[in-house]
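For reference, the structure is listed below as structure tokens.
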Amino acid sequence: MSTVHPPEGTAGTDTRDRPARLTVGVVGAGRVGPALAASLQLAGHRPVAVSGVSDASQRRAEKMLPGVPLVPPAEVLQRADLVLLTVPDDALPGLVTGLAETGAVRPGQLLVHTSGRYGVSVLDPALRAGALPLALHPAMTFTGSPVDVQRLAGCSFGVTAPGELRLAAEALVIEMGGEPEWISEESRPLYHAALALGSNHLITLVAQSMELLRKAGVGAPDRMLGPLLGAALDNALRSGDAALTGPVARGDAGTVAAHIAELREHSPQTVAGYVAMARATADRALAHGLLKAELAEDLLGVLADEGTGTGSAPGDGPGTDADDDENGPEGNDR
């Protein structure tokens, strides 16, 4: 197996005068795998094989990795020194077991998965077959287009690997332009939950906000939200809970009740999410001294009423009538 050397510059460095050091294969041509392989190619490695089932994944592979042949997963492992397993989390254990049982895994082969949920233990069947296991999870959202390669510059990667492979894992991340962040095996699920909470739910919240603004008559909700959300994100990253603003942090119970009444009328599926986030915000604002205790009682009363379906608020009269099923939670995937 070729040795992984420290990078010479960034992933965007011209490496035409440097020999390829690892042959790279991709199993699962979703949005992540081709982008990582293309980034490794810029760093001097050589993609040699990719597998993809759907027409969309095959088109993506052809676009991101032109000239790299599409072959079955077992053949990807046969051709590559470093194999990226970039399949959905739930499919990963079965894929690893199947590859190991069919003898596709070669001793000394670097086997890298990109799941945030798992550490390296999910690769144990391949480890027993002699593979070298790495977990490299890019903390980035992917589009399936060449812009993803650019976004890897400065992107943090959650890295988990056996101690003897730690330097190799970190070197690969740096060669892709990323920043390695060591995550212990037992902390992977918590790490992944934290990222999903911050990024995936943010997309849901922004999409809901844009829909509501359109209903309110705003012609360009993206243009309205862009500066506001950009400032809010920057403030949150700089100051944490001290950046909290708005009616919940101020304890404006009447305003929160009015919000909920409007949501129940125009977008009942968003009520449960609004109430849940308002409760969480109130708890954090109270804990950090931003929400005065004397104002919190009425506010929490409004939110508690919503939890029981009554929808009433102090000083605002009876809440908007609604059937129980209108106030039920709307499930959102990661």
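Just so it is clear, the values below take in all heavy atoms, side chains as well, and ignore hydrogens, waters and symmetry mates. Quick caveat, the model's predicted, so the values are computed rather than measured.
How far CG of Leu213 is from CE of Met210: 8.5 Å, rounded to the nearest 0.5 Å. Rounding to the nearest 0.5 angstrom, the gap separating the CG atom in Leu190 from the CG atom in Leu197 is 10.5 Å. The distance from atom NE2 of His266 to atom CD of Glu211, rounded to the nearest 0.5 Å, is 14.0 Å. Atoms CG and CG, from Leu172 and Leu167 in turn, are 11.0 Å apart once rounded to the nearest 0.5 Å. Taking CG from Asp148 and OG1 from Thr143, the interatomic distance works out to 3.5 Å, rounded to the nearest 0.5 Å. Interatomic distance, Thr141 OG1 to Leu195 CG, rounded to the nearest 0.5 Å: 11.5 Å.
The shortest heavy-atom contact between Ser39 and Leu152 is CB-CD1, 3.8 Å. Residues Ser115 and Leu92 approach most closely at CB-CD2, 4.0 Å, considering heavy atoms. The shortest non-hydrogen separation linking Val26 to Ala37 is CG2-CB, 3.6 Å. Closest heavy-atom contact between Leu65 and Ala38: CD2-N, 3.7 Å. Ala161 and Ala169 get closest at one heavy-atom pair: CB-CB, 4.2 Å. The two residues Thr160 and Ile183 have their closest heavy-atom pair at OG1-O, 2.6 Å.
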Run Val206 and Leu202 through side chain to side chain contact (heavy atoms under 4.5 Å, CB included) and show every step you take. CA-CA 6 Å; Val206 172; Leu202 174 63; 3.9 Å; yes

Test salt bridge (charged side-chain N to carboxylate O under 4.0 Å, His left out) on Asp241 and Arg284; report intermediate values, then the result. CA-CA 7 Å; Asp241 290 297; Arg284 299 190 75 88; 2.6 Å; yes

Applying side chain to side chain contact (heavy atoms under 4.5 Å, CB included), run through Leu95 and Val27 and close with a yes or a no. CA-CA 9 Å; Leu95 172 66; Val27 176; 3.9 Å; yes

Can Tyr118 and His113 be said to form a side chain to side chain contact (heavy atoms under 4.5 Å, CB included), step by step? CA-CA 9 Å; Tyr118 293 109; His113 78 71; 3.8 Å; yes

Run the side chain to side chain contact (heavy atoms under 4.5 Å, CB included) check on Leu136 and Leu36 step by step: do they pass? CA-CA 10 Å; Leu136 307 180; Leu36 297 188; over 6 Å; no

Let's go through Glu297 and Lys292 carefully: what are the C-alpha distance in whole Å and the side-chain angles of both, what is the deciding distance for salt bridge (charged side-chain N to carboxylate O under 4.0 Å, His left out) to 0.1 Å, and is it a yes or a no? CA-CA 9 Å; Glu297 185 175 355; Lys292 296 179 181 178; over 6 Å; no

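Taking the charged nitrogens against the carboxylate oxygens, Arg21 and Glu175 do have a contact shorter than 4.0 Å, which makes a salt bridge. Between Arg279 and Asp283, none of the side-chain N atoms (NZ, or NE/NH1/NH2) sits under 4.0 Å from a carboxylate O, so this pair counts as no salt bridge.
Ring centroid separation for the pair His137 and Tyr191 comes in under the 6.0 Å cut-off.
Cluster membership check: Met176 shares its hydrophobic cluster with Phe142, using side-chain heavy-atom separations under 4.5 Å among Ile, Leu, Val, Met, Phe, Trp and Tyr. In the hydrophobic clustering of this structure, Val71 does not group with Val50; members are Ile, Leu, Val, Met, Phe, Trp, Tyr whose side-chain heavy atoms approach within less than 4.5 Å, directly or through other members. The hydrophobic cluster containing Val105 does not contain Val120, counting ILVMFWY residues as joined when their side-chain heavy atoms lie under 4.5 angstrom apart, directly or transitively. Residues Val87 and Val68 do not share a hydrophobic cluster, clusters being chains of Ile/Leu/Val/Met/Phe/Trp/Tyr side chains in contact below 4.5 Å. Cluster membership for Val173 and Leu132, using ILVMFWY side-chain heavy atoms within less than 4.5 angstrom, is shared.
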Do any side-chain atoms of residues 216-227 form donor-acceptor pairs under 3.5 angstrom with protein atoms, and if so which ones, sequence neighbours left out?
none

Could you pull out every donor-acceptor pair under 3.5 Å between side chains of residues 122-129 and any protein atom, sequence neighbours left out?
none

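Around CZ of Arg250, the count of heavy atoms belonging to other residues, nucleotides or ligands within 6.0 Å exceeds 12. Within 6.0 Å of atom CZ in Arg31, 12 or fewer heavy atoms from other residues, nucleotides or ligands are found, so the atom counts as exposed in its surroundings.
Of the N and O atoms on the side chains of Glu185 and Ser121, at least one donor lies less than 3.5 Å from an acceptor on the other residue. In this model, no donor atom of one side chain and acceptor atom of the other lie less than 3.5 Å apart for Arg79 and Thr23.
For the pair Gln109 (side chain) and Arg106 (backbone), a donor-acceptor distance under 3.5 Å is present. A donor-acceptor pair under 3.5 Å is absent between the side-chain atoms of Thr97 and the main chain of Gly94, judged by distance alone. Using modelled atom types, one side-chain atom of Asn235 and one backbone atom of Ala231 make a donor-acceptor pair closer than 3.5 Å. With Gln58 contributing its side chain and Gly52 its backbone, the two residues share a donor-acceptor pair below 3.5 Å. When atom types are taken as modelled, the side chain of Ser239 and the backbone of Ala236 share no donor-acceptor pair closer than 3.5 angstrom. With hydrogens and angles ignored, the 3.5 Å screen pairs a side-chain donor or acceptor of Thr270 with a backbone N or O of Ser267. Put simply, the side chain of Ser209 never gets that close to the backbone of Leu205: no donor and acceptor are under 3.5 Å apart.
At a threshold of 4.5 Å between non-hydrogen side-chain atoms, the residues Gln208 and Ile203 do not count as touching. No side-chain heavy atom of Val48 sits under 4.5 Å from any side-chain heavy atom of Val24. With a 4.5 Å cut-off on side-chain heavy atoms, Leu110 and Val83 do not count as touching. The shortest side-chain heavy-atom distance between Pro138 and Phe157 falls under the 4.5 Å cut-off. Residues Leu299 and Asp252 form no side-chain contact, since every pair of their non-hydrogen atoms from C-beta on lies 4.5 Å or further apart.
In this structure Tyr274 satisfies the ring pair (Phe, Tyr, Trp, His ring centres under 6.0 Å) test together with His259, sequence neighbours excluded.
With Leu290 as the partner, the side chain to side chain contact (heavy atoms under 4.5 Å, CB included) test is satisfied by one option alone out of Leu244, Val248, Thr245: Leu244.
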